[in-house]
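Notes to accompany the following structure.
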Amino acid sequence: MEEAEMQLKVKKVTDKFTESMYVLANEPSVALYRLQEHVRRSLPELAEHKADMQSWEEQSQGAIYTVEYACSAIKNMKDSSMYFKNIEGLLRHAIAVKDRLNSARR
């Protein structure tokens, strides 16, 4: 019986030892190490993507400014149509006066 008891105790000790080793192997610090390892590998690529995105943002902001400026210029041209009509009327009047002066000289 003593040998069977001894084997049972040895089995319990080895099972507890195996369980302890498993817990130690999967300790959160190991997970943090793996996470750090992943970040170190992927960080350069992420930094490159960030730089690309910032460049695209700058280009987009420039294009947006250009479009807004063009829209503002078109709106101002539309608002100035009455001034152009007034200038057209004055030019027609000036041409008519010139024609009358030319016909009066003949």
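Heavy atoms only: backbone and side chains are in, while hydrogens, waters and symmetry mates are out.
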| query | Is the number of heavy atoms from other residues, nucleotides or ligands under 6.0 Å of Gln59 CD greater than 12? | reply | yes
| query | Are Asn86 and Met82 close enough that some pair of their side-chain heavy atoms sits under 4.5 Å apart? | reply | no
| request: Supply the atom-to-atom distance Leu91 CG to Lys98 NZ, rounded to the nearest 0.5 angstrom. | output: 13.0 Å
| Pairwise distance CD(Glu88) to NE2(His93) - rounded to 0.5 angstrom | 14.5 Å
| field | Met53 side chain reached by Glu57 side chain, heavy atoms, under 4.5 Å | value | no
| query | Under a 4.5 Å cut-off applied to non-hydrogen side-chain atoms, are His49 and Glu45 in contact? | reply | yes
| task | For Thr18 and Thr14, indicate whether the former's side chain and the latter's backbone hold a donor-acceptor pair under 3.5 Å. | result | yes
| query | Rounded to the nearest 0.5 Å, what separation is found between the OG atom of Ser80 and the NZ atom of Lys85? | reply | 11.0 Å
| said: Are the side chains of Arg100 and Val97 in contact, using a 4.5 Å heavy-atom criterion? | reply: yes
| In Å and rounded to the nearest 0.5 Å, what is the CD to CD distance from Glu58 to Gln54? | 7.0 Å
| task | Quick one: pull up OG in Ser20 and NZ in Lys16 and give me the separation to the nearest 0.5 Å. | result | 7.5 Å
| query | Is it true that Arg34 and Glu37 make a salt bridge, defined as a side-chain N closer than 4.0 Å to a carboxylate O? | reply | yes
